[in-house]
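Step one of this worksheet: look at the structure below.
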Amino acid sequence: MNILLLGSGGREHALAWSLAASPLVERLYCAPGNAGIAREAEIAALDIADHAAVIAFCKAKAIDLVVVGPEGPLVAGIVDDLEAQGIRAFGPTKAAARLEGSKGFTKDLCRAHGIPTAAYQRFDAPDDAKAYVRRRGVPIVIKADGLAAGKGVVVAATLAEAEAAIDANFSAASGDSLREIVVEDFLEGEEASFFALCDGETAIPFGTAQDHKRAFDGDLGPNTGGMGAYSPAPVMTKDLIARSMTEIVQPTLRAMKSIGAPYKGVLYAGLMITKGGPQLIEYNARFGDPECQVLMLRLKSDLAPALWAARDGVLKTFDLRWHDHVALTVVMAANGYPGAYAKGSPISGLDEAAALEGVAIFHAGTRADQDRILANGGRVLNVCAIGSTVREAQSRAYAAVDKIAWPGGFCRRDIGWRAIEREAAARKPA
Ligand code: AMP
Ligand code: GLY
């Protein structure tokens with residue numbers, strides 16, 4: 001089959017790497033891609049926001065399946081537009097992608113179907129929201145309703161912080177006079193990411209991961225898109241995976257089907273594992289980035305037929321195999337990220353780093369300039385490694401990081417710390 005992959009980050013490099021390994025894939029294209037993806041796929045110079053251009057490309061190249069990486073095109077309805085032209089696409093329709101695109105929609109769906117999530121209320125004006133916060137007390141969480149690239153959430157420890165967050169959402173500077181927010185209770189526990197492959201009716205677990213959202217060591221500093229991740233998430237026991245499926249994912253699929261928006265694609269549940277069990281923090285309608293990178297390093301089965309089966313609604317009879325090893329990824333970001341950063345600084349040592357045992361490097365934001373690789377984004381590289389323990393995967397990943405010469409970038413040095421502490425505690429005699 002011929003596949004067109006949409007996106008340009010580390011997630012898409014990992015998907016391209018996995019798809020390129022499939023004996024079923026004849027030609028693999030990626031738009032817009034990056035310098036790493038160019039080694040796995042033919043780069044198509046397409047504006048992926050231009051659906052007509054994507055459709056024309058698919059027809060010209062006899063594309064059998066389009067795989068959509070990021071949420072933007074999903075929420076913009078690219079799957080609807082492709083399917084309307086008879087082109088198979090992996091990912092949710094615009095109506096189904098509301099699970100990521102609107103927090104209010106998802107919270108209402110959870111409430112209506114008894115899916116465990118924090119108690120909440122929706123507001124379209126600041127005064128009512130503030131009165132609710134005063135009644136409810138702190139800590140409390142304020143969320144912008146729409147897509148906000150991970151920047152739309154404030155966990156407020158004080159009333160003053162909560163009120164400031166509410167005002168910020170409704171201020172003219174927020175750019176959208178029709179703002180809506182969700183205010184919800186603070187959940188206590190450990191966070192984990194849970195992935196399920198969905199075909200509209202059937203869901204099958206697609207792995208667990210944990211990421212580090214803060215920019216600096218010790219989980220300090222500003223929030224980012226994710227500075228590193230590992231899979232599996234040790235907190236996600238067999239029992240918690242089963243509960244997440246029956247209490248959260250399956251009722252969501254039934255609910256989406258019942259409203260005429262069956263969910264196909266990968267469903268990424270951000271969970272809080274509380275004393276009472278898993279609670280849904282949020283859904284994403286796509287793979288996580290950098291979580292996808294570690295999932296791909298653990299997937300033993302061929303990815304292409306799995307995505308095809310999800311699109312075709314035949315997951316019921318599908319079986320996925322996983323490697324036993326752990327995978328971990330360290331994100332190397334441009335100095336200044338998640339704030340302002342420069343593009344264009346040169347990176348070297350990538351081949352030496354990638355040659356180390358158990359190491360794989362995915363490009364998140366790079367471009368090629370003849371023989372040189374230049375930084376071309378905030379998150380620039382995903383230095384990944386597999387190992388029999390998180391500790392081993394971590395030390396291999398940092399050995400690779402140390403071979404990379406990039407003065408323009410930085411990374412955290414403690415990715416996986418919580419899982420490594422857990423491993424150490426498990427080894428200690430009781
Ligand atoms: P989100 O952008 O929805 O993933 O939220 C960003 C982060 O805010 C999450 O990863 C959590 O760490 C935190 N968060 C969101 N909602 C809650 C909640 N109800 N209770 C505690 N933490 C939360
Ligand atoms: N790493 C978090 C995300 O992809 O949303």
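Both counts, for ligands and for their atoms, begin at 1 and track the order of listing.
With hydrogens left out, the protein atom closest to atom 5 (O) of ligand 2 is Arg286 NH2, 3.0 Å, a heavy atom. The protein atom (non-hydrogen) at minimum distance from atom 2 (C) of ligand 2 is Tyr268 OH, 3.4 Å.
In this structure, of Arg214, Gln279, Glu191, the residue bringing a heavy atom nearest to atom 12 (O) of ligand 1 is Glu191. Counting only non-hydrogen atoms, the option in Thr117, Val155, Ile142 that gets closest to atom 13 (C) of ligand 1 is Val155.
Checked by distance only, ligand 1 and Leu187 come closer than 3.5 Å through their nitrogen or oxygen atoms.
Counting atoms of ligand 2 from 1 in the listed order, those under 4.0 Å from a heavy atom of Gly225 are 1 (N), 2 (C). Near Val141, the atoms of ligand 1 lying under 4.0 angstrom from a non-hydrogen atom of the residue are 16 (N), 17 (C), 18 (C), 19 (N), 20 (N). Remark: ligand 1 atoms within the under-4.0 Å shell around heavy atoms of Glu184 are 16 (N), 17 (C), 18 (C), 19 (N). Here is the list of ligand 1 atoms found below 4.0 Å of a heavy atom in Glu282: 1 (P), 2 (O), 3 (O), 4 (O). Listed by number with element, the atoms of ligand 1 under 4.0 Å from a non-hydrogen atom of Lys213 are 10 (O). Numbered from 1 in the order shown, with element, the atoms of ligand 2 that lie under 4.0 Å from a heavy atom of Glu291 read 1 (N), 2 (C), 4 (O). If you number the atoms of ligand 1 from 1 as listed, the ones under 4.0 Å from a heavy atom of Ile281 come out as 15 (C), 16 (N). The ligand atoms of ligand 1 that sit less than 4.0 angstrom from a heavy atom of Lys103 are 3 (O). Listed by number with element, the atoms of ligand 2 under 4.0 angstrom from any heavy atom of Gly288 are 4 (O). Short contacts between ligand 1 and Phe186, defined as distances under 4.0 Å to a heavy atom of the residue, involve ligand atoms 20 (N), 21 (C). Within ligand 2, the atoms closer than 4.0 Å to a non-hydrogen atom of Asp211 are 1 (N), 2 (C), numbered from 1 in the order shown.
At least one heavy atom of Lys143 lies less than 4.0 angstrom from ligand 1. For the ligand labelled ligand 1, residue Met272 lies inside the 4.0 Å heavy-atom shell. Residue contacts with ligand 1: Asn223 is excluded, as none of its non-hydrogen atoms falls under 4.0 Å.
Partners of Glu191 according to the salt bridge (charged side-chain N to carboxylate O under 4.0 Å, His left out) rule, which considers only residues two or more places apart in sequence or in another chain, do not exist here. For Asp302, the side-chain hydrogen bond (donor to acceptor under 3.5 Å, both in side chains) test picks out Ser22, with sequence neighbours left out.
Contact check on Arg88 versus Asp312 returns a salt bridge, with a Lys/Arg side-chain nitrogen under 4.0 Å from an Asp/Glu carboxylate oxygen.
Remark: aromatic rings of Tyr29 and Phe57 are close, center separation under 6.0 Å. If you look at Phe206 and Trp322, their ring centroids are closer than 6.0 Å.
Side-chain contact between Leu6 and Val67: absent, with no pair of heavy atoms (C-beta onward) separated by less than 4.5 Å.
By the 6.0 Å and 45° rule, Arg98 stacks over the aromatic ring of Phe105. Remark: Arg379 is not positioned above the aromatic ring of Tyr341, lacking an NZ or CZ atom under 6.0 angstrom from the ring centre and at most 45 degrees off the axis.
Using a 30° and 60° split on the angle between ring planes, His212 and Trp417 fall in the tilted class, from 30° to 60°. Using bins of under 30°, 30° to 60° and over 60° for the plane-to-plane angle, the ring pair Tyr268/Phe195 lands in the tilted bin.
To the nearest 0.5 Å, the span separating CG on Leu19 from CG on Leu307 amounts to 6.0 Å.
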Using the rule given for side-chain hydrogen bond (donor to acceptor under 3.5 Å, both in side chains), can you reason through Glu291 versus Gln210, listing the C-alpha separation, both sets of side-chain angles and the distance that settles it, and then say yes or no?
CA-CA 7 Å; Glu291 290 88 339; Gln210 282 177 306; over 6 Å; no
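At a 4.0 Å heavy-atom cut-off, ligand 2 does not touch Arg11 at all.
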